[in-house]
Participant: 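Sharing a structure below in structure tokens format, with a few things to ask.
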Amino acid sequence: MPSTQAAPTPETPVKDMKDIVALCKRRGFVFPASDIYGGINGFWDYGPLGVELKNNLRDLWWKRMVTCPPIGPDGHPVQIVGLDSAIIQNPKVWVASGHVGGFSDPMRKCPKCGHFVRADHLWNILFSESEWVNSLLQVFEPHTGRIDTPAIMNWAKGKGKKLAPNLAVVKDPEVVMSFLATRVNGQPNAPLEIQEIVSHLATAQLNATGLQDPCPRCGGALEGESTFNLLMHTYLGVSATEDDKAYLRGETAQGIFINYKNVMDSSRVKVPFGIAQTGKAFRNEVTPRNFIFRSREFEQMEMEFFCHPSEANMWFDFWVSERKKFWEDLGLKTDNLLMREHEADELVFYSKRTFDIEYHFPFNGFDEKGNKQFGELEGIAYRTDYDLKQHAEHSGQRLDYLDPERDNERYVPHVIEPAAGLTRGVLALLCEAYTIDPSRPSGVYLNFHPKVAPKKAAILPLMAKDGHPEKAEKLYMELREEFAVDLDIKQNIGKRYARQDEIGTPFCFTIDGQTMEDDTVTVRERNTMAQERIAMSKVADYLREKMRA
RNA sequence: GCGGGUGUAGCUUAGUGGUAAAGCUCCAGCCUUCCAAGCUGGCUAUGCGGGUUCGAUUCCCGUCACCCGCUCCA
């Protein structure tokens with residue numbers, strides 16, 4: 001086994017994303033969406049085995065959350081109910097959640113600091129709210145039309161450096177000022193407007209880009225106008241007017257918050273309790289990349305846990321450790337997992353604490369010291385009462401809780417949210433399972449835990465005669481009631497073992513000559529390729545036990 | 001979104017301005033008492049669109065997808 005701590009050396013085989021993607025397509029786990037039309041960026045289809053794997057992961061999550069939730073600190077199972085909300089909701093939901101900001105206003109983005117500005121308000125904002133513009137305007141008198149080059153240079157090297165680090169004149173004062181001088185001297189009869197001066201100061205390569213507009217926050221050159229929206233939209237009804245615009249959900253979480261009252265009123269749940277949901281979500285990712293890791297249509301497994309504010313931190317810690325255990329139980333190696341708490345400046349505005357569960361995907365690679373790098377698999381966020389308060393305010397509905405166990409205290413519950421990527425989980429399982437083994441015919445096998453394996457077992461008659469196929473089919477008919485199993489008769493036995501290795505089937509039951517005499521079969525274990533003989537009547541028990549382990 | 005690279009069968013690779021070749025895989029049959037064996041037969045490809053040309057997989061342009069690096073990831 002290659003060491004998983006250090007960066008791979010030329011001697012240790014490397015898990016290459018290219019190979020994993022190829023295996024996924026070849027064996028029917030994941031296909032490029034719209035493949036026969038040349039594909040479509042950011043979308044993937046799950047093939048016959050991929051959908052089994054994905055369903056298995058989703059079902060295991062559901063079981064762990066809803067059917068059989070963990071034991072809480074009080075020694076009793078925590079209370080969690082399920083939900084399946086619509087992908088499309090009233091657009092106001094996404095306004096309340098903060099996903100839809102300026103609606104369809106044209107926005108301009110700063111590539112340096114990520115700030116968004118409304119395009120039609122840019123210059124107003126620059127002159128009234130921008131700290132660096134106000135500071136700049138104090139060092140020279142723009143209305144005279146005269147450019148005080150030394151004063152601006154001085155500002156650029158001093159105050160400007162602090163206030164507008166990405167402004168062109170701050171980064172490269174000589175070149176920018178020489179462009180400005182050229183303009184002044186070239187057209188002496190056309191005095192510069194103040195706006196034009198500021199644009200000049202934001203322009204690093206005038207000839208290549210033309211005049212640029214600066215970011216009010218950092219001075220970086222803004223990108224062109226776009227009606228940027230993270231959310232995909234559609235139009236309801238046949239007459240597609242702006243009034244009919246609706247959004248595809250960008251996360252399943254909001255469907256839970258807006259049903260908080262319905263669930264409270266119908267399910268006899270008491271705080272603390274959770275509502276769990278899995279399903280598709282959609283985002284207009286700028287750059288879908290890294291196979292199914294970042295795609296525009298993906299699946300989430302989210303649970304919102306509602307609790308008293310004073311207990312929020314306790315439940316946060318509870319769910320962080322519970323969720324880590326979940327992924328480990330599915331076979332993700334502990335040293336491929338990273339638990340990382342967000343720094344204060346990294347937290348999104350609604351969150352008080354966030355813990356990422358990150359996985360070392362092959363494309364994450366290693367840093368220069370050889371340390372593993374990681375990508376997000378799940379985030380556990382303490383969302384405070386932000387979402388319920390937002391929806392209470394925007395909907396006008398009361399979303400607080402009258403707590404009979406706390407002297408009828410009335411409060412808006414705080415929320416701990418373990419939010420996992422189902423499709424990212426599938427990728428992590430695939431990457432973890434992918435095992436290079438040059439010694440076997442397939443060269444590679446998928447080391448899935450039996451719980452997640454898309455096929456639990458294959459039933460293989462040693463030969464396609466002498467009653468083997470009939471016996472095999474009998475066993476198959478018994479097992480298929482309870483397990484996803486394959487019956488494979490064609491070709492020689494070695495080929496069939498190899499095929500099952502490559503799709504990660506943990507067990508193969510082989511019917512041979514001895515089976516015909518005493519009704520025993522051999523079990524071939526995928527990882528060791530070792531075989532033992534058991535009674536045909538014990539096969540189901542055998543599988544059942546392996547699935548539990 | 002920017003820069004670089006790639007694109008011939010399911011995979012790995014040939015080749016050509018004039019009928020696109022092979023091995024493996026896959027499918028059918030035979031054979032075979034345990035790890036991609038053998039024999040026979042079969043399916044399948046120049047990402048897509050346009051241009052130049054009598055003729056383009058080959059040359060040119062565009063586009064799409066994928067990979068790498070930036071950027072992005074409320």
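Below, all heavy atoms of this structure are taken into account, side chains as well, without hydrogens, waters or symmetry copies. A, B, ... follow the sequence lines: proteins, then strands. Residue 1 opens every chain.
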Participant: State the pairing partner of B/C30; accept Watson-Crick or G-U wobble contacts with both distances under 3.5 Å, and report none otherwise.
Facilitator: B/G38
Participant: Between B/U25 and B/G10, how far is it from one C1' atom to the other, in whole Å?
Facilitator: 7 Å
Participant: Across the strands shown, which category fits A/Phe291 at heavy-atom distances under 4.0 angstrom: base, sugar-phosphate, nothing?
Facilitator: sugar-phosphate
Participant: How close or far is atom P of B/A74 from atom CE of A/Met232, stated in whole angstroms?
Facilitator: 15 Å
Participant: Indicate the ring-plane relationship of A/Phe509 and A/Phe507, choosing parallel, tilted or perpendicular according to the 30° and 60° boundaries.
Facilitator: parallel
Participant: Looking only at the side chain of A/Arg289 (C-beta and beyond, no hydrogens), which of the listed nucleotides B/A36, B/G29, B/C2 gets closest?
Facilitator: B/C2
Participant: Any strand counts, and the cut-off is 3.5 Å on both contacts for Watson-Crick or G-U wobble. Which nucleotide pairs with B/A65?
Facilitator: B/U6
Participant: Which word best sums up how the rings of A/His414 and A/Tyr382 line up, parallel for under 30°, tilted for 30 to 60°, or perpendicular for over 60°?
Facilitator: tilted
Participant: What is the distance, rounded to the nearest whole Å, between atom CG of A/Leu222 and atom P of B/C72?
Facilitator: 14 Å
Participant: Side chain of A/Lys495 only, heavy atoms from C-beta on: which candidate in B/C34, B/G10, B/U25 is closest?
Facilitator: B/U25
Participant: Considering only heavy atoms and no angle criterion, is a donor-acceptor pair shorter than 3.5 Å present between the side chain of A/Asn492 and the base of B/A36?
Facilitator: no
Participant: In whole angstrom, give the distance that lies between atom NZ of A/Lys490 and atom P of B/C30.
Facilitator: 8 Å
Participant: So which nucleotide from B/C68, B/A74, B/C34 ends up closest to the side chain of A/Asp512?
Facilitator: B/C34
Participant: Indicate, yes or no, whether a donor-acceptor pair under 3.5 Å links the base of B/C72 to the side chain of A/Glu285.
Facilitator: no
Participant: What is the nucleic acid contact for A/Ser97, judged by heavy atoms within less than 4.0 Å: base, sugar-phosphate only, or nothing?
Facilitator: nothing
Participant: Rounding to the closest angstrom, what is the interatomic distance between B/G47 and B/G38 at atom C1'?
Facilitator: 38 Å
Participant: Counting only side-chain nitrogens and oxygens, does A/Gln491 get under 4.0 Å of the OP1 or OP2 atom of B/C35?
Facilitator: no
Participant: Is a salt bridge present between A/Arg383 and A/Glu251, judged by a nitrogen-to-oxygen distance below 4.0 Å?
Facilitator: yes
Participant: With a 4.0 Å cut-off on heavy atoms, is A/Glu251 in touch with a base, just the backbone sugar-phosphate, or nothing at all?
Facilitator: base
Participant: Between B/U13 and B/A45, how far is it from one C1' atom to the other, in whole Å?
Facilitator: 13 Å
Participant: If I take atom CG in residue A/Asn41 and atom C1' in nucleotide B/G47, what distance separates them, rounded to the nearest angstrom?
Facilitator: 15 Å
Participant: Choose from B/U32, B/A74, B/C34 the nucleotide whose nearest atom is closest to any side-chain atom of A/Lys465.
Facilitator: B/U32
Participant: B/C35 P sits how many Å from A/Met529 CE, rounded?
Facilitator: 11 Å
Participant: Between A/Ala464 and A/Gln254, which has a closest nucleotide on RNA chain B that is more 5'?
Facilitator: A/Ala464
Participant: Kindly assign one of parallel, tilted or perpendicular to the pair A/Tyr235 and A/His233, based on the angle between their ring planes and the thresholds 30° and 60°.
Facilitator: perpendicular
Participant: Are the ring centres of A/His200 and A/Phe179 closer than 6.0 Å?
Facilitator: no
Participant: Determine whether the side chains of A/Thr520 and A/Arg533 contain a donor N or O and an acceptor N or O closer than 3.5 Å.
Facilitator: yes
Participant: In whole Å, measure the gap between the C1' atoms of B/C11 and B/G51 for me.
Facilitator: 34 Å
Participant: According to a strict under-4.0 Å criterion, is A/Gln514 in side-chain N/O contact with OP1 or OP2 of B/C34?
Facilitator: no
Participant: Specify the separation, in whole Å, of atom CG of A/Asp387 and atom C1' of B/A74.
Facilitator: 12 Å
Participant: Considering only B/C34, B/A74, B/A36, which nucleotide approaches the side chain of A/Arg533 most closely?
Facilitator: B/C34
Participant: Would you please say whether a donor-acceptor pair under 3.5 Å links the side chains of A/Arg526 and A/Asn447?
Facilitator: yes
Participant: Rounded to whole angstrom, note down the P distance from B/C43 over to B/A22.
Facilitator: 13 Å
Participant: Once you apply the 3.5 Å cut-off to both distances, tell me the Watson-Crick or G-U wobble partner of B/U58, or none.
Facilitator: none
Participant: Hunt down the Watson-Crick or G-U wobble partner of B/U12, both distances under 3.5 Å, from any strand shown, or write none.
Facilitator: B/A22
Participant: Provide, to the nearest angstrom, the distance between the CZ atom belonging to A/Arg524 and the P atom belonging to B/C35.
Facilitator: 10 Å
Participant: Using the C1' atom as the point on both nucleotides, what is the distance between B/G4 and B/G17, in whole Å?
Facilitator: 30 Å
Participant: Using heavy atoms to find the nearest nucleotide of RNA chain B for A/Thr510 and A/Gly38 separately, return the residue whose nucleotide is more 5′.
Facilitator: A/Thr510
Participant: Just to be sure I understand the rule, does A/Ala22 reach a base, reach only the sugar-phosphate, or reach nothing, if contact means heavy atoms closer than 4.0 Å?
Facilitator: nothing
Participant: Which one, B/G1, B/A37, B/C34, comes nearest to the side chain of A/Leu462?
Facilitator: B/C34
Participant: Under 3.5 Å, is there an N or O donor on one side and an acceptor on the other linking the side chain of A/Tyr37 and the base of B/C64?
Facilitator: no
Participant: Looking only at side-chain N and O atoms, does A/Arg499 come under 4.0 Å of OP1 or OP2 in B/C26?
Facilitator: yes
Participant: Under 4.0 Å between a Lys/Arg side-chain N and an Asp/Glu carboxylate O for A/Arg524 and A/Asp501?
Facilitator: yes
Participant: When you check the phosphate oxygens OP1 and OP2 of B/C66, does a side-chain N or O of A/Lys18 lie under 4.0 Å from one of them?
Facilitator: no
Participant: Could you state the CZ-P distance from A/Arg496 to B/U33, rounded to the nearest angstrom?
Facilitator: 13 Å
Participant: When all nucleic acid strands are considered with a 4.0 Å heavy-atom cut-off, which category describes A/Arg526: base, sugar-phosphate, or nothing?
Facilitator: nothing
Participant: Which part of the nucleic acid, if any, lies within contact of A/Tyr350, taking any heavy atom under 4.0 Å across all strands shown: a base, the sugar-phosphate backbone alone, or nothing?
Facilitator: base
